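Structure first, then comments.
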Amino acid sequence: MEQSTGMIIICFMNLKGGVGKTTLSTHVACALAKLGIRILFIDNDKQGNASRFFQVQTENTLSEVLDDSISAAQAIQKTAYENIDIISADMGLAAVNFDIMLSDKYKNRNQKFLLKEALEPVRTQYQFCIIDNPPDINTSVYNALMVANEVIFVTTPDCYARDGMDLMYEQLQAAKSDRIAMDAGYNEFLPDCRLRFRGCVLNKYTPDSAPILESIQKKMPTFSTTIRLTKTGAKRLQEAAERGISVQALSPSCGFSRDFKHFMEELFYTQESGKL
């Protein structure tokens, strides 16, 4: 990843749940924080799984930031992890997504830039922002795309998980077109002012998933690293989630931890990325 002078915002997405978006996004945040990097994590999923992982309160949440009841600074909470702050989520996000589309109170606001505008006052406090998105394309997800700099699709060998990637890619292209047309600060040459697709990462990989990986690689940019599915890794993931700690902290030598280390190296120490 190229050097930047501003906060880089990374979105993790898929239209299907259970593919590992929350697992990978929270672990990326934990790994960066361990290096002394300041992280703002945004839970953009009404289910609030990332908020539970970080064991924070679901008060003063993202829904209240989007409806302008509170500022982003007021919503930010400390986590037990040094260097990680969070804006949490709860079921109120579902109502806010409908309100943004239907309520008169949003008519005088740019509905596509609600999150971007809210984050402006806190951008200088962090080096990275990680956004965990729901299995959906709704108003809050589109808002995330309108502020994101890097987008990663997380998928599994499950055919249902792969089916929605074309639609997601279309939405990503639409968001980029809107950014170029509407965002005066958009600059393709500045890492913190552009939107690009980094690629798809295949999670829960097994040896018989190779043909599926090849099919994805033919359709879109794909990380060469795969996250293997092993019995030990699955057990460690469950235990780590229950304890609110990363798998690297719990079991640094398990298959997931080793694969995740390679994924981090590919994400942050290579220049390769998808073109949008």
Side-chain angles (χ1 to χ4, degrees), residues 1 8-32 39 41-50 53 89 128-138 140-142 144-145 148-172 175 195-206 209 212-217 219-230 233-234 237-238 240-241 246-248 255-268 270 272-274 276:
M1 185 174 289
I8 299 291
I9 302 175
I10 305 175
C11 275
F12 288 81
M13 302 180 64
N14 194 318
L15 289 180
K16 186 179 184 300
V19 297
K21 295 184 302 296
T22 301
T23 297
L24 288 183
S25 60
T26 53
H27 278 69
V28 167
C30 291
L32 291 175
I39 306 296
F41 193 99
I42 297 179
D43 190 350
N44 194 24
D45 188 342
K46 63 182 181 294
Q47 296 181 69
N49 290 333
F53 173 85
F128 284 91
C129 173
I130 309 294
I131 304 180
D132 182 32
N133 289 285
D136 200 353
I137 296 177
N138 54 29
S140 63
V141 173
Y142 207 79
L145 288 176
N149 305 119
E150 311 271 338
V151 175
I152 297 169
F153 293 169
V154 183
T155 192
T156 64
D158 182 345
C159 63
Y160 298 108
R162 292 177 285 125
D163 285 345
M165 289 199 296
D166 287 341
L167 179 57
M168 283 194 302
Y169 195 72
E170 290 174 7
Q171 291 296 314
L172 187 54
L195 173 63
R196 67 173 179 169
F197 178 51
R198 283 304 301 271
C200 176
V201 58
L202 185 60
N203 190 28
K204 302 180 182 179
Y205 181 83
T206 59
S209 303
I212 296 171
L213 177 60
E214 291 177 9
S215 70
I216 296 173
Q217 290 171 331
K219 296 178 69 174
M220 63 182 62
T222 306
F223 286 89
S224 60
T225 302
T226 56
I227 311 296
R228 290 170 292 172
L229 176 64
T230 65
L237 278 168
Q238 182 177 354
S246 69
V247 178
Q248 293 98 314
F256 175 88
S257 293
R258 294 197 303 271
D259 291 345
F260 180 77
K261 180 177 181 292
H262 294 314
F263 171 69
M264 288 291 289
E265 290 170 351
E266 187 173 357
L267 175 60
F268 290 101
T270 69
E272 295 298 320
S273 67
L276 188 62

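Quantities reported herein were computed from a predicted structural model and do not represent experimental measurements.
Between Phe128 and Phe268, the gap from one ring centroid to the other is short of 6.0 Å. Taking the ring centroids of Phe197 and Phe153, they lie under the 6.0 Å cut-off.
Using a 4.5 Å cut-off on side-chain heavy atoms (C-beta onward), Asp259 and Ser257 make no contact. No side-chain heavy atom of Ile212 sits less than 4.5 Å from a side-chain heavy atom of Tyr205. Counting heavy atoms from C-beta outward, Val154 and Met13 have side chains that stay 4.5 Å or more apart. Side-chain atoms of Ile227 and Leu202, non-hydrogen and from C-beta on, never get closer than 4.5 Å to each other. Considering only heavy atoms from C-beta on, Phe41 stays 4.5 Å or farther from Cys129 through its side chain. Taking the side chain as every heavy atom from C-beta outward, Val19 and Asn203 never approach each other to under 4.5 Å. At a threshold of 4.5 Å between non-hydrogen side-chain atoms, the residues Val201 and Thr226 do not count as touching. Between Glu150 and Ile8, some side-chain heavy-atom pair lies under the 4.5 Å cut-off.
Considering all non-hydrogen atoms of both residues, Ala29 and Ile130 come closest at CB-CG1, 4.3 Å. Of all heavy-atom pairs spanning Met165 and Cys200, the tightest one is SD-SG, 3.6 Å. The nearest pair of heavy atoms linking Leu145 to Gln171 is CD1-O, 4.2 Å. Of all heavy-atom pairs between Phe53 and Ser246, the closest is CZ-N, 4.1 Å. Residues His27 and Gln248 come closest through the heavy atom pair CD2-OE1, 2.9 Å. Between Ile152 and Arg198, the shortest heavy-atom contact is CG1-CB, 4.1 Å.
By the 30° and 60° cut-offs, the orientation of the rings of Phe260 relative to Phe263 is tilted.
Annotation: the span from Lys204 atom NZ to Ser209 atom OG amounts to 11.5 Å, rounded to 0.5 Å. To the nearest 0.5 angstrom, Asn14 atom CG is 5.5 Å from Lys21 atom NZ. Taking CD1 from Ile42 and CD1 from Ile131, the interatomic distance works out to 4.5 Å, rounded to the nearest 0.5 Å.
When Asp43, Asp132, Asp45, Asn49 are each tested for a side-chain hydrogen bond (donor to acceptor under 3.5 Å, both in side chains) with Thr22, only one passes: Asp132.
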After noting the C-alpha distance and the side-chain angles of Val28 and Met264, does the key distance pass the side chain to side chain contact (heavy atoms under 4.5 Å, CB included) rule? CA-CA 7 Å; Val28 167; Met264 288 291 289; 3.8 Å; yes

Applying side-chain hydrogen bond (donor to acceptor under 3.5 Å, both in side chains), run through Thr225 and Glu266 and close with a yes or a no. CA-CA 7 Å; Thr225 302; Glu266 187 173 357; 2.7 Å; yes

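A donor-acceptor pair is defined here as one N or O able to donate and one able to accept, closer than 3.5 Å; no such pair exists between the side chain of Tyr142 and the backbone of Ile137. A donor-acceptor pair is defined here as one N or O able to donate and one able to accept, closer than 3.5 Å; such a pair exists between the side chain of Asn44 and the backbone of Ser140.
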